[in-house]
There are 2 protein chains.
Amino acid sequence: MSRSNPRVLSTLERAGGFASAQEIYRLMQREGESIGLTTVYRSLQSLVGDKIVDVLRRDDGEAIYRLCGDAHHHHLVCKSCGDTVEIEGGAIEKWAKVVAEEHGFREVGHTAEIFGLCSKC
Amino acid sequence: MSRSNPRVLSTLERAGGFASAQEIYRLMQREGESIGLTTVYRSLQSLVGDKIVDVLRRDDGEAIYRLCGDAHHHHLVCKSCGDTVEIEGGAIEKWAKVVAEEHGFREVGHTAEIFGLCSKC
DNA sequence: ATGGGAATGAAAATCATTTTCATTTGTGGT
DNA sequence: ACCACAAATGAAAATGATTTTCATTCCCAT
């Protein structure tokens with residue numbers, strides 16, 4: 001069994017605790033780190049197995065990895081230029097929790113994203 | 001723009017209102033229907049666009065299509081058994097709108113899903 | 001009939017992810 | 001140092017869902 005390459009975790013942290021395997025790979029490349037895509041995938045799998053990171057799915061099916069216990073935030077994304085704003089989701093957190101508990105769900109998480117056209121587009 | 005092939009919708013209904021594109025295709029083949037995979041995908045896209053079906057993601061990333069009511073709603077999904085509850089998102093709607101407007105975004109939409117372990121799992 | 005737009009599907013392209021496999025690296029024992 | 005063996009690495013190929021391309025067929029109004 002392979003262990004996680006620590007640079008992958010550190011890159012995920014630097015990415016705001018939220019990124020896809022491909023993004024992490026590209027980020028490391030851009031920063032001049034020498035690593036293979038395969039190792040990125042393997043490291044992420046291992047981190048998921050160790051419950052150090054969570055895996056979610058984007059709408060397009062791409063897997064995104066997130067540090068567990070990370071105080072997470074949401075995104076406001078421009079459909080046209082891709083500009084992204086990080087936003088707090090206090091209201092959402094509460095809503096998700098309440099709704100889930102009403103239905104007897106445990107270990108609850110959620111995803112939420114807002115998209116639209118930014119002022120420049 | 002292409003329209004939905006009615007046999008696709010009818011097959012989705014027969015599948016319990018819940019299936020992937022590949023499954024619908026295989027099902028139609030097995031039943032002797034002559035249809036191409038491309039048409040299945042196109043029909044499903046069109047049905048999603050018309051809000052006649054919903055699209056979710058399996059853990060492996062495969063898209064699953066599901067008949068749903070017409071009102072805009074969100075989902076509470078069990079990570080383990082896949083059981084799904086449709087929920088109202090009044091709070092979310094308002095939150096998305098307010099946050100987006102604060103940042104000058106127009107034509108705003110959003111996605112939100114809650115996941116966890118249901119009482120049976 | 002006939003012309004044009006919509007629908008169809010086979011095949012190729014795309015893209016994330018996994019698998020294979022040969023090579024490199026690290027580690028412990030002598 | 002040296003050797004042996006396990007673990008880690010990554011390039012390339014395989015996989016599998018989905019999308020795109022494009023030539024063909026279908027349908028319908030003129």
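Numbers restart at 1 for each chain; the letters A, B, ... are given by sequence-line order, proteins then strands. These numbers come from a predicted model, not from an experiment.
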Open item on the list: Can you measure B/Arg3 atom CZ to C/dG9 atom P for me and round it to whole angstrom units?
Closed with: 17 Å

Open item on the list: Closer than 3.5 angstrom, by distance alone: can the side chain of A/Thr11 be matched with the main-chain N or O of A/Arg7 as a donor-acceptor pair?
Closed with: yes

Open item on the list: Below the 4.0 Å mark, does D/dT9 have OP1 or OP2 next to a side-chain nitrogen or oxygen of A/Asn5?
Closed with: yes

- [ ] Send over the distance from A/Glu23 CD to C/dT17 C1', rounded to a whole Å.
- [x] 15 Å

TODO: Choose from D/dT18, C/dT8, C/dT20 the nucleotide whose nearest atom is closest to any side-chain atom of B/Gln22.
DONE: D/dT18

- [ ] Starting at atom CG of B/Leu44, determine the distance to atom C1' of C/dA7, rounded to an integer number of angstrom.
- [x] 16 Å

Open item on the list: Just the rounded figure in Å: distance from P of D/dG10 to OH of A/Tyr25.
Closed with: 9 Å

TODO: Give the minimum heavy-atom separation between B/Asn5 and B/Ile35, together with the two atoms involved.
DONE: ND2-CD1, 3.8 Å

- [ ] Answer whether the closest heavy-atom distance between the side chains of B/Leu47 and B/Tyr65 falls below 4.5 Å.
- [x] no

- [ ] Whole angstrom is fine here: how far is it from CZ in B/Arg57 over to C1' in D/dA17?
- [x] 9 Å

Task: Verdict with supporting geometry, A/His74 and B/His110, ring pair (Phe, Tyr, Trp, His ring centres under 6.0 Å) - done: CA-CA 11 Å; A/His74 299 276; B/His110 66 273; over 10 Å; no

Task: A/Leu27 vs A/Arg14 side-chain heavy atoms within contact, under 4.5 Å - done: yes

Task: Donor-acceptor contact below 3.5 Å, side chain A/Arg106 vs main chain B/Cys118 - done: yes

TODO: Spell out, as yes or no, whether a donor-acceptor pair under 3.5 Å connects the side chain of B/Arg57 to the backbone of B/Gly61.
DONE: yes

Task: N or O in side chain of A/Tyr41 less than 4.0 angstrom from C/dT18 OP1/OP2 - done: no

TODO: Can you tell me the distance, in whole Å, between the CG atom of A/Asp60 and the C1' atom of D/dG16?
DONE: 16 Å

Open item on the list: For C/dT17 and A/Gln45 - does any side-chain N or O of the residue sit under 4.0 Å from the phosphate oxygens OP1/OP2?
Closed with: no

Open item on the list: Contact list please: residues 32-39 of chain A against DNA chain D, heavy atoms, distance less than 4.0 Å, in numerical order.
Closed with: A/Ser34, A/Ile35, A/Gly36, A/Thr38, A/Thr39

TODO: Check the distance between C/dT17's P and A/Arg58's CZ and give it to me in whole angstrom.
DONE: 9 Å

TODO: Identify whether any heavy atom of B/Glu62 sits under 4.0 Å from a base atom; if not, whether one sits that close to sugar-phosphate; answer base, sugar-phosphate or nothing.
DONE: sugar-phosphate

TODO: Check the distance between D/dT9's P and A/Met28's CE and give it to me in whole angstrom.
DONE: 10 Å

